[in-house]
Amino acid sequence: MNYRHVFHAGNFADVLKHCVLARLLTYMTGKDKPLRYIDTHAGIGRYDLSGDAAQRTGEARDGLERLKAALAGNAALAGLMEPYLSALKAENAAHPGLYPGSPAIAARILREQDRLILCELHPEDHAVLSANFARDRRVKTFASDGFSSLKAHLPPVERRGLVLIDPAFEERNDLERSRKALADGLRRFAGGVYVLWHRIKDRAETDAFYAGLAALVPSECLALELHVDTIRADGPLSACGLVIVNPPWGTRVECEALLPALATALARGPGAHGVVRDLSRQDA
Ligand SMILES: C[S@@+](CC[C@H](N)C(=O)[O-])C[C@H]1O[C@@H](n2cnc3c(N)ncnc32)[C@H](O)[C@@H]1O
């Protein structure tokens with residue numbers, strides 16, 4: 001396991017994933033009933049963008065930094081990003097260079113009655129994750145394989161929840177393992193909200209993945225794509241997707257506004273665009 005998320009924190013993929021996650025959790029906490037958040041690939045929870053590792057790659061410059069520049073004078077985009085920007089602001093209040101990963105964003109938005117399950121397989125990253133949330137009684141961390149252990153956490157006692165499946169794509173079969181984890185999850189907890197992040201490096205591979213999902217998901221399933229440049233198999237990552245199963249009411253309309261705005265803000269080249277499809281309606 002060589003992947004460490006600190007080298008990629010705050011990049012364009014994080015901006016998309018974290019912004020959508022923050023919006024979904026904000027919507028779901030609009031009801032008093034408790035809910036459970038399950039992060040199958042949690043990372044360390046929060047990242048120091050001013051530290052050596054993040055500075056070495058500088059990926060946040062094409063993500064978070066471009067976004068901040070685009071927000072000035074763009075009230076519509078700022079409105080769509082509000083829950084994400086609030087979490088960011090709260091982290092920065094503690095330490096100016098801190099960037100919230102998915103666990104920190106969830107912990108900022110969730111309430112006293114909610115619970116968080118965080119899985120991270122890398123032993124060192126798990127130790128940091130565990131230390132980062134040691135004082136938060138809502139959180140349990142597991143040094144386990146997030147794909148295979150997801151089943152054990154479902155269905156949650158609260159009967160309401162969001163599962164984030166966010167692999168490192170270090171292993172060749174991560175896409176297939178993500179699909180299988182989603183299938184296992186839906187069998188145990190059909191009403192859960194599932195968010196699955198995937199990279200897009202090969203159009204045919206992504207379309208085959210969507211076709212597999214369309215056969216699997218019984219209800220609404222959105223496929224969001226953010227392209228910051230034309231896809232090149234041998235080039236740096238320039239596109240990624242989020243699959244959202246059982247999106248809360250209004251998600252599609254919000255994402256249809258968000259994705260093109262993000263693509264404009266984060267564009268690196270001529271192929272930049274953002275798109276939302278509904279896989280359950282076979283219009284992919
Ligand atoms: C993309 S990063 C997660 C980022 C995090 N979700 C966020 O948004 O802040 C993927 C993480 O998964 C971990 N990982 C890799 N394989 C795993 C597995 N099978 N189960 C759980 N974690 C795994 C990696 O060590 C890495 O920290």
Side-chain angles (χ1 to χ4, degrees), residues 11-31 62-64 66-88 102 105 109 162-166 178 182 191-200 203 206-207 209-214 216-231 237-284:
N11 68 4
F12 79 94
D14 262 8
V15 169
L16 170 69
K17 170 179 58 186
H18 295 152
C19 169
V20 171
L21 176 67
R23 286 208 73 84
L24 293 172
L25 289 175
T26 300
Y27 182 89
M28 292 172 80
T29 49
K31 285 187 187 159
D62 274 346
L64 182 64
R66 272 178 193 256
L67 176 74
K68 282 182 178 167
L71 286 170
N74 189 340
L77 182 59
L80 288 164
M81 312 285 304
E82 203 281 323
Y84 168 63
L85 296 172
S86 293
L88 186 65
S102 49
I105 287 175
I109 294 169
L162 185 150
V163 177
L164 174 65
I165 302 173
D166 182 22
S178 300
L182 178 61
V193 177
Y194 294 83
V195 180
L196 195 164
W197 183 90
H198 61 99
R199 66 179 190 184
I200 303 178
R203 189 69 257 169
T206 300
D207 288 342
F209 173 59
Y210 289 163
L213 292 181
L216 179 83
V217 292
S219 46
E220 201 181 353
C221 176
L222 300 178
L224 280 47
E225 289 191 7
L226 175 63
H227 297 246
V228 294
D229 200 351
T230 308
I231 301 171
L237 186 69
S238 65
C240 67
L242 275 186
V243 168
I244 310 176
V245 180
N246 296 324
W249 185 84
T251 303
R252 180 172 184 160
V253 173
E254 282 187 355
C255 289
E256 281 170 347
L258 178 69
L259 268 288
L262 270 184
T264 303
L266 306 180
R268 286 197 316 234
H273 67 282
V275 64
V276 179
R277 297 170 183 155
D278 186 343
L279 297 183
S280 59
R281 291 191 200 144
Q282 308 279 329
D283 66 352

Asks: How close do A272 and A263 get, heavy atom to heavy atom, and via which atoms?
Replies: CB-O, 4.0 Å
Asks: Which heavy atom of A267 sits nearest to which heavy atom of R66, and what is that distance?
Replies: O-NH1, 2.7 Å
Asks: Any donor-acceptor pair under 3.5 Å linking the side chain of S86 with the backbone of E82?
Replies: yes
Asks: Out of curiosity, L266 CG to D62 CG, how far, rounded to the nearest 0.5 Å?
Replies: 8.5 Å
Asks: Would you say the side chain of V195 lies within less than 4.5 Å of the side chain of L24, judging by non-hydrogen atoms?
Replies: yes
Asks: Under 4.5 Å between any side-chain heavy atoms of H198 and Y210, yes or no?
Replies: yes
Asks: Nearest 0.5 Å, what's the OH-CD1 distance between Y194 and I165?
Replies: 7.5 Å
Asks: Of D278, V245, L279, which meets side-chain contact (heavy atoms from CB on, under 4.5 Å) against E220?
Replies: D278
Asks: For residues 255-262, tabulate all N or O donor-acceptor pairs below 3.5 Å that involve a side-chain atom, not counting sequence neighbours.
Replies:
| residue | atom | partner | partner atom | Å |
| --- | --- | --- | --- | --- |
| E256 | OE2 | R252 | NE | 2.8 |

Asks: Are the side chains of Y84 and I105 in touch, meaning some heavy atoms are under 4.5 Å apart?
Replies: yes
Asks: E225: what forms a salt bridge (charged side-chain N to carboxylate O under 4.0 Å, His left out) with it, not counting sequence neighbours?
Replies: R203, R277
Asks: What is the distance from atom OG1 of T251 to atom OH of Y27, rounded to the nearest 0.5 Å?
Replies: 7.5 Å
Asks: I'd like to check the ring pair (Phe, Tyr, Trp, His ring centres under 6.0 Å) partners of H227; sequence neighbours left out, ordered by chain and number.
Replies: H273
Asks: In a check of side-chain contact (heavy atoms from CB on, under 4.5 Å) between L226 and each of L16, I200, V15, which one passes?
Replies: L16
Asks: Can you name the closest pair of heavy atoms from M28 and V193 and give their distance?
Replies: CE-CG2, 3.8 Å
Asks: Mind checking whether D229 and P270 have side chains closer than 4.5 Å, heavy atoms only?
Replies: yes
Asks: Without swapping roles, check the side chain of R23 against the backbone of L80 for a donor-acceptor pair under 3.5 Å.
Replies: yes
Asks: What is the minimum heavy-atom distance between F12 and S238, and which atoms define it?
Replies: CZ-C, 3.6 Å
Asks: By the definition side-chain contact (heavy atoms from CB on, under 4.5 Å), identify the one residue from I244, V243, V275 that meets it with L224.
Replies: I244
Asks: Once you round to the nearest 0.5 Å, how far does OG of S102 lie from NE2 of H18?
Replies: 4.5 Å
Asks: State, with a plain yes or no, whether a side-chain heavy atom of D14 is found less than 4.5 Å away from one of L64.
Replies: no
Asks: Where the side chain of D166 meets the backbone of W197, is there a donor-acceptor pair that is under 3.5 Å apart?
Replies: no
Asks: How many angstroms lie between atom SG of C221 and atom CG of N246, to the nearest 0.5 angstrom?
Replies: 8.5 Å
Asks: Report yes if the side chains of N74 and L71 come closer than 4.5 Å at any heavy-atom pair, otherwise no.
Replies: no
Asks: Find the distance between OG (S178) and CG (L196) and round it off to the nearest 0.5 Å.
Replies: 4.5 Å
